[in-house]
Amino acid sequence: MPILKEQFDTFFRGGAAEMHVASLFYLAGYEASRVTPDSGVDLIVSNAARSKLLGETFISRRVQIKSSIVDASGASIKISDDELNFLCDEPDCFTVIVLMQELRVERYLDSFSHSRDVVAEQIERAVNDHWEEEIGERGRAMGANKSLPPGFAGGTFRTFWLNGAQLTRLRQRGAWVQKDLSNVLKMQLVDGAVEINGFGIVPELFQIRHVMSTERHFGFESGKIHHNDIWDM
């Protein structure tokens, strides 16, 4: 099916997020394959090579990836009811969230231009780009639709995972908000820490390799996302 104009930004942003997550799995020593056609997940991740060469028991995980550009209000992802039910209920499914921030804009190829007019233009463009970057850091350059800026040249990607129990727990505690027939999960960055429902999430969730762990852990299996989980009180 051909890409539509209104899907242009989300298609390429989503593709970039998928490949970024796949590269993290490869760096950790796991195979990550994109799934086509769409069957509710984006990647199938396995330890086939580790199983063959290192004697590990073979395992595989299904991974769905969501991305959001961070702006002044934070970040958010949107999931339909059917998709959220699927991700909550399937035991080997994980949701990986990619937060894109500190986006940089570099539009010009002027390094080898030397005329005074060109230098003056470079200075003007540098000033304009500086302010554009400053505005972007405060979250306003991307606009209301949180699209990648023209001339996008990179940024910081922060990635964390949630299992089905954690998605379910967040749903039960009202972190998922219904909007336009979808479920929206909002996140904030406070002093550099990612918070959901006002609490910073534990550091293990930022380590993609833990998605492939076979160790039993009550905290994660019960849906906890932070150390001082007042929902247990």
Side-chain angles (χ1 to χ4, degrees), residues 7 10-52 54 56-70 75-101 146 155-171 175-176 182-187 194 196 201-217 219-226:
Q7 299 171 324
T10 55
F11 175 84
F12 284 99
R13 189 184 76 197
E18 289 177 21
M19 293 182 184
H20 174 70
V21 173
S23 72
L24 295 178
F25 279 115
Y26 270 97
L27 284 171
Y30 299 100
E31 305 85 24
S33 303
R34 300 181 74 182
V35 178
T36 55
D38 188 350
S39 59
V41 295
D42 294 311
L43 299 177
I44 299 293
V45 184
S46 69
N47 69 336
R50 298 171 73 102
S51 176
K52 179 179 179 180
L54 304 179
E56 295 183 0
T57 301
F58 177 79
I59 57 173
S60 67
R61 301 282 189 262
R62 292 177 289 174
V63 176
Q64 176 71 341
I65 300 165
K66 297 294 181 181
S67 65
S68 176
I69 293 175
V70 178
S76 64
I77 61 170
K78 184 167 64 173
I79 298 180
S80 68
D81 281 333
D82 288 343
E83 184 179 14
L84 184 55
N85 290 336
F86 173 80
L87 295 172
C88 287
D89 295 341
E90 294 294 318
D92 68 333
C93 279
F94 292 79
T95 301
V96 175
I97 298 172
V98 180
L99 302 181
M100 301 176 174
Q101 60 186 120
K146 293 190 175 182
T156 301
F157 289 8
R158 301 193 65 183
T159 305
F160 65 95
W161 58 271
L162 297 170
N163 62 26
Q166 290 163 325
L167 294 177
T168 299
R169 193 178 182 87
L170 289 169
R171 198 179 200 180
W176 291 97
S182 296
N183 301 276
V184 177
L185 180 66
K186 294 185 177 181
M187 294 147 282
V194 177
I196 301 177
I201 62 180
V202 296
E204 291 91 339
L205 297 179
F206 291 97
Q207 298 294 324
I208 289 297
R209 60 186 175 84
H210 289 310
V211 167
M212 301 302 290
S213 175
T214 57
E215 296 181 16
R216 299 296 301 273
H217 194 292
F220 295 115
E221 291 177 4
S222 63
K224 291 184 177 182
I225 64 169
H226 54 82

What is the distance from atom [atom1] of [X] to atom [atom2] of [Y], rounded to the nearest 0.5 Å?
X    : Y    : atom1 : atom2 : value
N163 : E221 : CG    : CD    : 8.5 Å
I225 : L170 : CD1   : CG    : 5.0 Å
I79  : L185 : CD1   : CG    : 7.5 Å
L43  : S33  : CG    : OG    : 8.0 Å
L205 : I196 : CG    : CD1   : 8.0 Å
M100 : S68  : CE    : OG    : 9.0 Å

Would you confirm whether W176, through its side chain, and S182, through its main-chain N or O, come within 3.5 Å as a donor-acceptor pair?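 Pair absent, no side-chain N/O of W176 close to backbone of S182.
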
Looking only at atom types and distance, does a side-chain atom of R61 sit under 3.5 Å from a main-chain N or O of V211, one as donor and one as acceptor? yes

Pair T214, T57 - check side chain to side chain contact (heavy atoms under 4.5 Å, CB included), show working. CA-CA 9 Å; T214 57; T57 301; over 6 Å; no

Within-4.5 Å side-chain heavy-atom neighbours: T95 and W161: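 Sidechains of W161 and T95: no contact.
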
Validation row: N183, D81 side chains within 4.5 angstrom (heavy atoms): yes

Any side chain to side chain donor-acceptor pair (under 3.5 Å) involving residues 83-92? Give me the pairs, sequence neighbours left out, ordered by first then second residue.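 Found R62-E90, R62-D92, Q64-E83, K66-E83, N85-R171.
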
Where [X] and [Y] come nearest, the two heavy atoms and their spacing:
X    : Y    : value
A17  : S67  : CB-CB, 3.7 Å
A165 : F220 : CB-O, 4.0 Å
H226 : V202 : CA-CG1, 3.5 Å
V21  : V96  : CG2-CG1, 3.7 Å
S222 : R169 : O-NH1, 3.2 Å
C88  : T168 : CB-OG1, 3.2 Å

In terms of relative ring orientation, are H20 and F157 parallel, tilted or perpendicular, with 30° and 60° separating the classes? perpendicular

List the steps and the verdict of side chain to side chain contact (heavy atoms under 4.5 Å, CB included) for V45 and F94. CA-CA 11 Å; V45 184; F94 292 79; over 6 Å; no

Can you list the steps and then say if R158 with V70 is a side chain to side chain contact (heavy atoms under 4.5 Å, CB included)? CA-CA 10 Å; R158 301 193 65 183; V70 178; over 6 Å; no

Using side-chain contact (heavy atoms from CB on, under 4.5 Å) as the criterion, list what pairs up with E18, not counting sequence neighbours.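 Per chain and number, E18 pairs via side-chain contact (heavy atoms from CB on, under 4.5 Å) with R34, D42, I65.
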
Is it the case that E31 and S46 place a side-chain donor and acceptor less than 3.5 Å from each other? yes

Identify, with sequence neighbours excluded, every residue that meets side-chain hydrogen bond (donor to acceptor under 3.5 Å, both in side chains) alongside S213. none

With a cut-off of under 6.0 Å to the ring centre and 45° to the axis, is R50 in cation-pi contact with Y30? yes

